[in-house]
Every structure is written in structure tokens, then in C-alpha cells.
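These values consider heavy atoms only, across backbone and side chains, with no hydrogens, waters or symmetry-generated copies.
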Amino acid sequence: MTKLALILGGTSDISIALAKDLLVQGYSILLAGRNTEALNSIAADLEIRFDGSVRAIGFDATDYLNHRTFIEGLPSMPELTIAVFGYLGDQEKAQSDWQECERILDTNYKGAVSILNIVAKTYEDQKRGTIVGISSVAGERGRQSNYFYGSAKAGFTAYLSGLRNRLFKSGVNVLTVKPGFVDTKMTANMDLPGPLTATPEKVSKSIIKAIRKNKSTIYTLSIWRLIMYIIKTIPEFIFKRLKL
Amino acid sequence: MLKKISKIVSNWGNYPKVKSEIYTTSENMGLRDLLKNSDDQLIARGMGRCYGDSALSKNIVSTLAINKFVSFDKTEGVLTCEGGVTFDEVLKVVVPCGYFLPVSPGTKFVSVGGAIASDVHGKNHHIDGSFSSHVLSLKIVLANGNCVSCSREENSDLFLATCGGMGLTGIITEATFRLKKIESAYIRQKQIKARHLDELLDLFEKHKNATYSVAWVDCLATGNSFGRGILMLGEHARASMLTNKQKKNRLKVHSKPKLNIPFNFPSFVLNTWSIRLFNFFFYGKNLKKIMKGNVHYEGFFYPLDNIHNWNRMYGKPGFLQYQFVIPLAQKQVLREIMLLIAKNKKGSFLSVLKIFGQQKDLMSFPMEGYTLSLDFPNTPTIHKFLEELDQLVLKAGGRIYLTKDARMSAETFRASYPNSEEFKSIITKYNHSFKFQSEQSKRLSILN
């Protein structure tokens, strides 16, 4: 029987890169996301290129009430679930616009927690499975340029670490991924520093490797571990004066 | 999501270079919005494998992210994909299923959209025609952002103007085309040496039923060896013709390029003497008059794809590729042109001769006759020399391949592409603002 992977956040560049790598490894893919029309064309493309099975499924991270139905409606329970979805949002707008602010918090934190709760329970019961959450280095310390996104991701990181702790005894691994800057649609209009920026393909490769090695937390580019260590150790009385 | 970068861009010949804004989007909607909201003139660009200024403009829309496969009917051998999918990607998908491109140029690093806009031809033109004759339908995004389907039955004028239309009708976002069934990824190849031009042309005539035929010509040879060359013939090998080793993986896909030219060579590297030396060895390497064997399609169709960035051998000034076609009855003009090249020592590394079959499309380059393509280093004197050749080509009733051109005059274009007025009137109907313009279309006043 072929292995099945569920990728939540289907039209993102990281999702597509992951789907490609998993197809090569012989997985069948369930690509879940809101834009089913775009998902269907991505699924068709991947099926033709990799001669594998890719199915597009509608999924809305903030439609919490339907998350259980979504999981129960899957053709069969995937042994690998990857939560890729996220919403960067507009920090400045969110400072005065609750709707924007709430959307950032809902998508990145509540949405992820809601769907992974259900997946976690199933994996715990069947005593196997792997959960991967794409969090962010932005969650390591709040900075004025993106602390809504950052704080939601901080919550998500803490959630994943707790989940990992709970599921360890059931033999279920939970992997937290902190990609750093990634050259994707989400960052298309940002001027990113080349050496600190990973491609979606690189992110995917690092995740595949970490899954195989049963890792807990990874930074896609190891330079980010150092950068975040420095950022975290700056004393608050200095940090609060910085323009970060 | 729309991405925009500013960059100095040139195509494969590295001449000319233009400072451009390049827009990239992976979504059809993004593309349509861009066209709706902008009045700038622009041109689509895929892999940039045209040689001159066909895909150059101050504003470029890169189609490389519009690159999804849409459907693949493995029973009928029909593929639908987006315009930015490359022949390289198509081969990776279709070869393992026993199919091949119906027509392929000498590189697989072209996009499907570019291949249609250039209406590319291959070594089988005399049998199978050009690429567009295998295209069943297209989707094109017009200047107003509307997406229109077209085929020989539906909006046929738009379809015919788009095949070979150099991107001036719009952006090809999707194409459906027929594939060729193959039993193996190997080509049964036969190489025949010809001591001079007459023998070479006789060989072409004798082997006109071969599926693939093309000749390499030594353009610097003079006297008795004038026009000597090697005729290369090929047929798709049937499974039963393969060696045991080949049989194990008879539908083997090509591999990645092995060599890379990492930087521009100094321009003196390619001179008459180094080209003469190359030609000497190229001709001399075939010890026997006739050589036969099975070769993988990669080696037969795409020998230069193995050297990544081979265009850098011509150095920073780049090079000009000159490909013309003249009718069969004008054999003496072919001779005249080749003599002129040999006499002026304007040697070309790879001079490729082929005989086209019939084709009478609106703007496509091929016509029944001799086609010769030559690479010349871009030196100050070459432009004047090529103008001389233009006159000979015009006199013979021939024409120059737009995809390779970077320099001909508007007069030469008008005199050699007889349907250019009709072409313009079709574009007027679909894009009356002439939003799609390249440096080439302006230079040649195609839409003026």
C-alpha cells in the first residue's frame, strides 16, 4: 500500500515543493487548501510530472467547526500531516484594524491548533504518524515589524512543543520547522537578503530529511539558529530601542 | 502574485542587450490583471532561446512560472500544458510513456509558447512540417486581459497568426498538441560523409524519405572540398533494433547538462583558425564514409545542450546567427552565398544545412528549399557582410528566420514575408493598440 501524506496549505510554494519530494518518495498526496480551482490545476500538473496520485481537497484553516468533518472525510488517514498554511498579513494595518489582526492570529495559531488537535488524537490512538508544523523564526522574539504574525507563530511553536511532549510516548513525532526567509509568493514583494533566504525546494528537502531522522525542531538554514540566538540574547533594555 | 525585477536582458546570441522590467506571475489571473491595468508595450519571453531581439522589450512578461501540465492523454498521445513548460520538461514526462515531441529544434531548452510563436522546425521538416502543424488548440491572453481559445476551427485567424507570430498576437498561456509515438528513446543514426557540396545535395535527394535529415557543412573549405560535410540521418529505433543494454531501459530520459561554460570567453578564442581546426576535426572524426549506430535522442537532437551556456564561447560581444531559406530552384544562390563566406573567411562553427518540405503558413519561416544556418561572432564588419547576404537571399526569393535575426532591415522583412499585411490586420482585430511589441517588431516595423 502506498503511503499517504496530507499537506495543508496546498497552493503555497513550500507545499508544492513538498508534494514533489514526497511523490518522488512514493507518497500519494492530499493537497488541501481554500482555492480548489488552483489546487486542481496544481494536482493535475504534479500527477502528470511524477506519474503519481495527487488529490485536491477544499480546506479552510479558520473554518474550525468543519475541521473534524474534513479529517473524517479524507479517503483514508494519512500517516504524515504537514501544516504549511500561514498568513503574513499587514502589520501596520493590523495595528488599527482588528479584522486584519484577527485574521493573522486565527490563521497562524487557532487554525493550526484546531486541525492538528484532531490529527493528533487519531495518531495518538493508532500509535503512529508524523506531524510537521511550519512555524517561523518570527515567533522567537516579538519585533515591531511583525509581532502579530510573530506572536501567533510563537504560540504555534509552543503548541507544537507541547504536542511533541504529549505524543512522544505514543511513538508519534512532531516536527517544528522554522524556515527563516523563504523566496515565495508570500514574500514576493519583499527585498530579502540572498544568503539568508532559502528556496521552497531547500525548505522541503530539509523537512524530508528531518522527518527521516525524527528531528524535533529545525531551522532550514543553520545560520538562522545563530541569528535567532543573538536576537534572543540581546537585553530587553537595548532590544526595545532597536528598529527590528 | 506578480513579481517584478529590473535587469539587462539579452537572448541566446547575447546581442543586443536591453534594460528591461521583467514581470513574472504563476497565475493566469495575475497575468490578465497585469495586461488590463497597464498601457505599456510588452512582449512575452520564455527561455530566451531566440537569438536576437524577438523576445526583448523594455517590458517583458516572463512565462516561465506559467508552467503547469494540464492533461496528458496517453492513449491518443495528446498533451495539454501551459505556455512556459519547456521541451525539456515535456520530454521527461512523455518519453517514459513512449512518446516524443512531434518536432524539435536543436535545443530542448525552449518553452512550448516560444516554440509556437517561432513556429520552430526540426530535422524532420520535410516529412512532418513545423511544430505548429501538430498544435491542435491554443489559449491566448490578449492585450485587454481576456483569454481566448483558438484552433484551426475556432478563431482560426488568431490561431494562424499566433503560429510563427513572434508573440505579437498575445501571450500563449496554454497549448494542446499531438505527440509522436516511439518504441524507444534511441535513434538509428546514419552519418554519410560528402566530399563537396554537389555530393552533399545529391545525398539529401537520395535520402529524402529519411525521417530526420540534416547536414553539417564546412564553410571554410575551398577548391575541390568546397561545401564538404556530413549528412546525418535518423529514424526512431524500434525496440527490436536495440542492443541488450539499451533494451533494459529503452525509454530512457535524457540527463542534465554535463559541462558548463562558466564565463564569457575572450572574443579572440573563436577565429578563422580555431574554426578551421574544429571543422578539420569534425570532418575527420568520421573515418569511414558511412557510419551507423543507435544513439540516444539527446545526442542526436541536442548535442549542444550538453554544454551549458555554450553561447559564452563567443565572448561578451555575442554572436549573430544567420539562418535563411531559399527555394529549391535557387541552388546556385546557395553556392554563391557559401562561396562568399569561404572567400571572406567568415567561418562559422556550426553551419547547418537542411532541405525543407513545403509549408505555406501566414508568418512561418519555412518554405520548400535549402536552409542554411550560420553562427558569426559579433564583430564590427559582420553586419555589412550579412547585408550583402540579405540581398542574395532576397534576389533568390528567400527569407530570414525571425527567431534568429537581430539585424535585418524593415525593407528586407517586408520584401520576404509576403503575408505581413494580412498578419497586421489580424492583430489589429484582436489587439488594436498593438500592445505586444518587441524590439524586433519595432525594428522591422511589423506593426507600423
>> Set out, in order, the CA-CA distance, both residues' side-chain angles and the distance that settles side-chain contact (heavy atoms from CB on, under 4.5 Å) for Glu89(B) and Ile48(A), then state yes or no.
In response: CA-CA 11 Å; Glu89(B) 294 172 300; Ile48(A) 294 171; over 6 Å; no
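- In the displayed structure, Gln95(A) atom CD is contacted under 6.0 Å by more than 12 heavy atoms of other residues, nucleotides or ligands.
- Heavy-atom distances place no part of Glu82(B) under 4.5 Å from chain A, backbone and side chain included.
- A distance of 4.0 Å separates NZ of Lys74(B) from CG of Asp51(A), quoted to the nearest 0.5 Å.
- With a 4.5 Å cut-off on non-hydrogen atoms, Leu46(A) does not touch chain B at all.
- Heavy-atom contacts from other residues, nucleotides or ligands closer than 6.0 Å to CZ of Arg55(A) number 12 or fewer.
- Pairing each heavy atom of Val93(B) with each of Arg49(A), the nearest pair is CG2-CA, 3.8 Å.
- Here the closest heavy-atom approach between residue Lys3(B) and residue Asp183(A) is recorded as NZ-OD1, 3.0 Å.
- Within 6.0 Å of CG in Asn37(B) there are more than 12 heavy atoms belonging to other residues, nucleotides or ligands.
- Counting heavy-atom neighbours within 6.0 Å of Lys36(B) NZ, excluding the residue itself, gives a total above 12.
- A 6.0 Å sphere centred on NZ of Lys180(B) holds more than 12 heavy atoms belonging to other residues, nucleotides or ligands.
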